[in-house]
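Inspection log for the structure reproduced underneath, given as structure tokens.
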Amino acid sequence: MNQILAHHYAHLVSYSRILTPVYYNGSPNASPSAESLTPPAQSLYHSFTPLPLVSRLFQPSNLRDLGQESRAQGEMTCKSQRLMQQAGLIHPSNPGCYYFLPATVRSMEKLVRLIDQEMQRIGGQKLDMPSLCSAELWRRSERWDLMGKELFRLRDRHGAEYCLGPTHEEAVTELLASQGTLSYRQLPLMLYQITRKFRDEPKPRFGLLRGREFYMKDMYTFDVSEEAAYHTYESVCQAYNRLFSRLGLHIVQVQADTGNIGGKLSHEFQLPADIGEDRLLVCGSCSFSANVETMEPGRTDCPQCQAGTLVESKGIEVGHTFYLGTKYSHIFNATFNNTQNKPAVTEMGCFGLGVTRILAAAIEVMSTEEAIHWPGLLAPYQVCVLPPKRGSKVDEVAGLAEELALFLGEALPSLRGEVVLDDRTQMTIGKRLKDASRLGYPYVVAVGQKATEETPRFEVICQQTGETMFLSKDGLVDLLRRVETV
């Protein structure tokens with residue numbers, strides 16, 4: 001039995017070496033030293049603990065490089081792109097395409113859960129449609145030619161033409177029409193998905209803010225009348241505003257052009273930012289705001305209140321809503337039986353959220369030049385615990401750090417899986433504090449000199465406020481009990 005266990009453990013160690021990048025002094029590129037090659041204490045125990053360890057995370061960050069060489073070459077053109085690559089959150093693949101590394105996937109999954117909550121709160125039902133879309137559907141809507149070079153087009157071995165879907169109005173309407181005539185009692189119907197989308201951008205730039213491959217939430221709604229469709233439209237807009245409020249993002253909802261999607265009404269949800277590519281006009285006296293594309297050139301007076309002056313600013317579009325009317329449902333014959341049991345064409349709306357763009361835009365507007373600040377709900381991990389440096393005067397309390405990290409996950413179920421231990425104890429606490437600040441953990445807990453007191457106290461840094469406090473274990477639990485997770 002002992003031989004079997006030993007054999008199993010040898011394979012486990014070998015497998016972990018394949019998946020885990022080797023870090024020397026906190027960097028995958030630094031040269032090894034005798035100290036950095038020394039295995040951490042209780043390494044066998046660490047192999048089986050469920051506690052996330054910084055040394056084991058696949059996050060090949062280059063925090064002390066600051067990307068100066070890349071910036072000089074013009075590769076990183078905005079703050080969010082530079083910070084995300086520097087922190088090992090994303091890694092460039094092809095132009096406009098990125099690897100999303102594990103920490104980013106954790107954040108995206110949290111954002112998806114938030115979106116699911118808000119969409120299902122208003123009656124949304126989640127589905128998943130093929131990314132490969134038939135050219136025949138797009139020709140029926142006349143968008144095959146209208147979209148031009150923006151579509152990624154391909155042929156299969158039989159010569160049939162397809163595109164990689166940037167949006168799915170044709171597909172979802174065809175799906176609904178294929179089910180036969182619905183009853184008015186089944187409407188409104190709200191179907192949404194969160195999937196990869198594809199757009200052949202001529203000049204992809206700004207990291208995840210403008211790429212060729214990205215994640216988007218797209219919802220399609222079907223109603224019995226124009227009045228009901230407007231009610232659904234307003235319901236979705238309210239859900240979007242709730243979502244952004246929960247994220248702590250100050251969004252401006254602006255009147256927008258319908259573009260190549262078409263329809264009768266459209267709004268963009270813009271996050272004000274200097275790096276934004278959209279020009280906005282906002283009235284200082286009332287709630288009116290619009291994309292400049294919808295206004296006559298040079299206009300400065302507000303068309304709504306007649307008294308205010310329109311002020312121009314820039315924004316990042318993170319959401320877009322459209323009232324489509326019968327543009328697609330008429331083409332694809334998506335009908336329902338009304339109260340007189342007669343067939344009628346459904347009224348449609350479509351509603352998009354840029355999932356990866358929201359993530360990058362939030363980092364763009366909330367972060368400093370040197371450190372990531374996350375919306376609290378989206379941070380990959382909520383708490384980072386720092387043990388003392390190995391061999392330091394307070395090395396005796398190193399075990400207390402690991403006990404504390406495990407205790408927090410048990411005492412506070414909402415933080416289970418949200419506490420990470422920075423076990424790179426060959427580095428000073430100061431260096432690890434700097435790394436933790438740049439990576440944006442909302443709470444950093446350092447186990448140092450005050451942990452040796454009769455009643456141990458821990459240094460707690462709140463990254464969002466910059467506040468530092470010294471708390472007992474009970475005080476720390478009381479503080480973190482208020483942390484909201486999703």
Side-chain angles (χ1 to χ4, degrees), residues 107-131 133 165-179 182-197 214-247 249 251 253 256 258 261 263-269 317-329 332 334-336 345-359 375 377-378 486:
S107 290
M108 281 183 52
E109 288 173 343
K110 292 178 180 183
L111 180 54
V112 167
R113 287 197 289 273
L114 280 173
I115 293 171
D116 284 339
Q117 289 174 8
E118 294 298 339
M119 294 302 98
Q120 291 167 21
R121 176 176 172 179
I122 60 173
Q125 300 179 61
K126 196 172 187 179
L127 78 169
D128 198 341
M129 292 180 275
S131 294
C133 301
T167 181
H168 279 74
E169 285 79 10
E170 289 84 357
V172 74
T173 314
E174 169 68 13
L175 171 66
L176 198 72
S178 71
Q179 306 306 304
L182 301 173
S183 165
Y184 71 91
R185 295 185 180 88
Q186 296 174 268
L187 304 180
L189 183 62
M190 305 178 179
L191 303 175
Y192 79 97
Q193 61 177 354
I194 301 176
T195 58
R196 286 181 184 265
K197 298 292 190 294
F214 50 92
Y215 279 91
M216 189 172 85
K217 187 282 304 178
D218 45 324
M219 172 181 269
Y220 306 92
T221 62
F222 301 85
D223 276 282
V224 298
S225 67
E226 187 171 327
E227 180 183 2
Y230 275 117
H231 183 270
T232 296
Y233 185 95
E234 184 59 31
S235 177
V236 179
C237 287
Q238 290 174 3
Y240 278 18
N241 282 311
R242 283 196 304 270
L243 171 71
F244 292 121
S245 178
R246 292 176 70 182
L247 293 174
L249 299 176
I251 296 295
Q253 182 179 336
T258 58
I261 288 181
K264 302 179 179 180
L265 176 68
S266 176
H267 286 91
E268 293 167 347
F269 290 75
E317 180 192 333
V318 289
H320 208 148
T321 57
F322 299 85
Y323 168 48
L324 300 173
T326 60
K327 173 180 170 66
Y328 295 92
S329 51
F332 293 97
T335 61
F336 69 99
V345 177
T346 58
E347 295 278 339
M348 286 182 62
C350 70
F351 308 86
L353 283 174
V355 178
T356 41
R357 185 178 285 186
I358 289 172
L359 206 62
L377 287 171
L378 301 188
V486 62

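Atom OG1 of Thr232 sits about 9.5 Å away from atom CE of Met219, to the nearest 0.5 Å. In this structure, Ile122 CD1 and Tyr192 OH are separated by 9.5 Å, a value rounded to the nearest 0.5 Å. Rounding to the nearest 0.5 Å places OG1 of Thr346 at 6.0 Å from CZ of Phe222. Summarising the geometry, atom CG belonging to Asp116 is positioned 9.5 Å from atom CG belonging to Leu111; distances are rounded to the nearest 0.5 Å. Atom CD1 of Ile358 is separated from atom CD1 of Ile115 by 5.0 Å, given to the nearest 0.5 angstrom. Remark: Leu176 CG to Ser178 OG distance equals 7.5 Å, nearest 0.5 Å.
Across Lys197 and Pro166, no two heavy atoms sit closer than the pair CD-O, 3.6 Å. Closest of all the heavy-atom pairs between Lys327 and Ile261 is CE-O, 3.0 Å. Of all non-hydrogen atoms in Val224 and Phe336, the two that sit nearest each other are O-CZ, 3.4 Å. Closest of all the heavy-atom pairs between Gln253 and Asn241 is OE1-ND2, 3.3 Å. Pairing each heavy atom of His168 with each of Ser131, the nearest pair is NE2-CA, 4.3 Å. Between Cys133 and Gly165, the closest heavy-atom pair is SG-CA, 3.9 Å.
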Exercise. Which is it for Arg357 and Glu317 under the side-chain contact (heavy atoms from CB on, under 4.5 Å) test, yes or no, and what are the steps along the way?
Worked result: CA-CA 8 Å; Arg357 185 178 285 186; Glu317 180 192 333; 4.0 Å; yes
Problem set entry | Check against side-chain contact (heavy atoms from CB on, under 4.5 Å), Lys126 and Val112 | CA-CA 12 Å; Lys126 196 172 187 179; Val112 167; 3.8 Å; yes
Problem set entry | Test log, rule side-chain contact (heavy atoms from CB on, under 4.5 Å), inputs Val172 and Gln193 | CA-CA 10 Å; Val172 74; Gln193 61 177 354; over 6 Å; no
Problem set entry | Test side-chain contact (heavy atoms from CB on, under 4.5 Å) applied to Leu127 and Met129, step by step | CA-CA 7 Å; Leu127 78 169; Met129 292 180 275; 4.1 Å; yes
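A search for side chain to side chain contact (heavy atoms under 4.5 Å, CB included) contacts involving Ser107 returns Leu359, Trp374, Pro380, not counting sequence neighbours.
Note on ring orientation: taking the six-membered ring where Trp is involved, the planes of Tyr240 and Phe351 are perpendicular (angle over 60°, cut-offs 30° and 60°). Relative ring orientation between His320 and Phe322 is described as parallel, the plane-to-plane angle staying below 30° on a 0-90° scale split at 30° and 60°.
Residue pairs meeting the salt bridge (charged side-chain N to carboxylate O under 4.0 Å, His left out) criterion with at least one member in residues 235-245, sequence neighbours excluded: Glu118-Arg242. Within the structure, the salt bridge (charged side-chain N to carboxylate O under 4.0 Å, His left out) test picks out the following pairs touching residues 221-239 (sequence neighbours left out): Glu226-Lys264.
Under the 3.5 Å distance criterion, the side-chain polar atoms of Ser329 are left unmatched by any main-chain donor or acceptor of Ala334. Between the side chain of Tyr323 and the backbone N or O of Tyr230, no donor-acceptor pair lies under 3.5 Å. Judged by distance alone, the side chain of Thr221 and the main-chain N or O of Gly349 form a donor-acceptor pair under 3.5 Å. With hydrogens and angles disregarded, no donor-acceptor distance shorter than 3.5 Å links the side chain of Thr326 to the backbone of Glu347.
Inspection of the Tyr220 and Thr173 side chains reveals no N or O donor paired with an N or O acceptor under 3.5 Å.
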